[in-house]
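Written out below as structure tokens is the structure these notes cover.
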Amino acid sequence: MNLLLNVKQVLFTNWNFVRWLRLGLGLFIAFQALKNHDALAGLIATFFLFQAMTNTGCCGASGCAVPPASSNSVSAEVTYEEIKSTKNEN
């Protein structure tokens, strides 16, 4: 029951412009794939429709988003030690 509610929430919430665009492209390409009997276009349409239905993109949900900077970041001073090498000249 909980899984069904989760799927319902994913399908019916957070519809933004890009998600509508993916749905439109997927439906258009699917129509063209059926019209032209093109299997490759059908796979591409399936890919776009899957992205639209699950609200996923490049690398999954919010895969391309840059994580917000945390306000708790502590910057520590880094110290470096110079290492000198000697060459053996033979």
- May I ask whether Leu21 and Phe48 are part of the same hydrophobic cluster, defined by side-chain heavy atoms of I, L, V, M, F, W, Y residues being less than 4.5 angstrom apart, directly or through others? yes
- Query: Out of curiosity, does Leu27 fall in the hydrophobic cluster containing Met53 (side-chain heavy atoms, cut-off under 4.5 Å, transitive links)?
  - Reply: yes
- Message: Could you report the tightest heavy-atom contact between Arg22 and Thr56, atom names first, then the distance?
- Response: NH1-O, 3.1 Å
- Note on the structure: Here the gap from Leu25 atom CG to Ile44 atom CD1, rounded to the nearest 0.5 Å, amounts to 11.0 Å
- Message: Restricting to side-chain contact (heavy atoms from CB on, under 4.5 Å), what partner residues turn up for Trp20, sequence neighbours left out?
- Response: Trp15, Leu23
- Query: How would you list, by chain and number, every residue that makes a side-chain contact (heavy atoms from CB on, under 4.5 Å) with Ile83, sequence neighbours excluded?
  - Reply: none
Tabulate below the donor-acceptor pairs under 3.5 Å that side-chain atoms of residues 28-37 make, not counting sequence neighbours, or state none.
| residue | atom | partner | partner atom | Å |
| --- | --- | --- | --- | --- |
| Asn36 | ND2 | Gln32 | O | 3.4 |

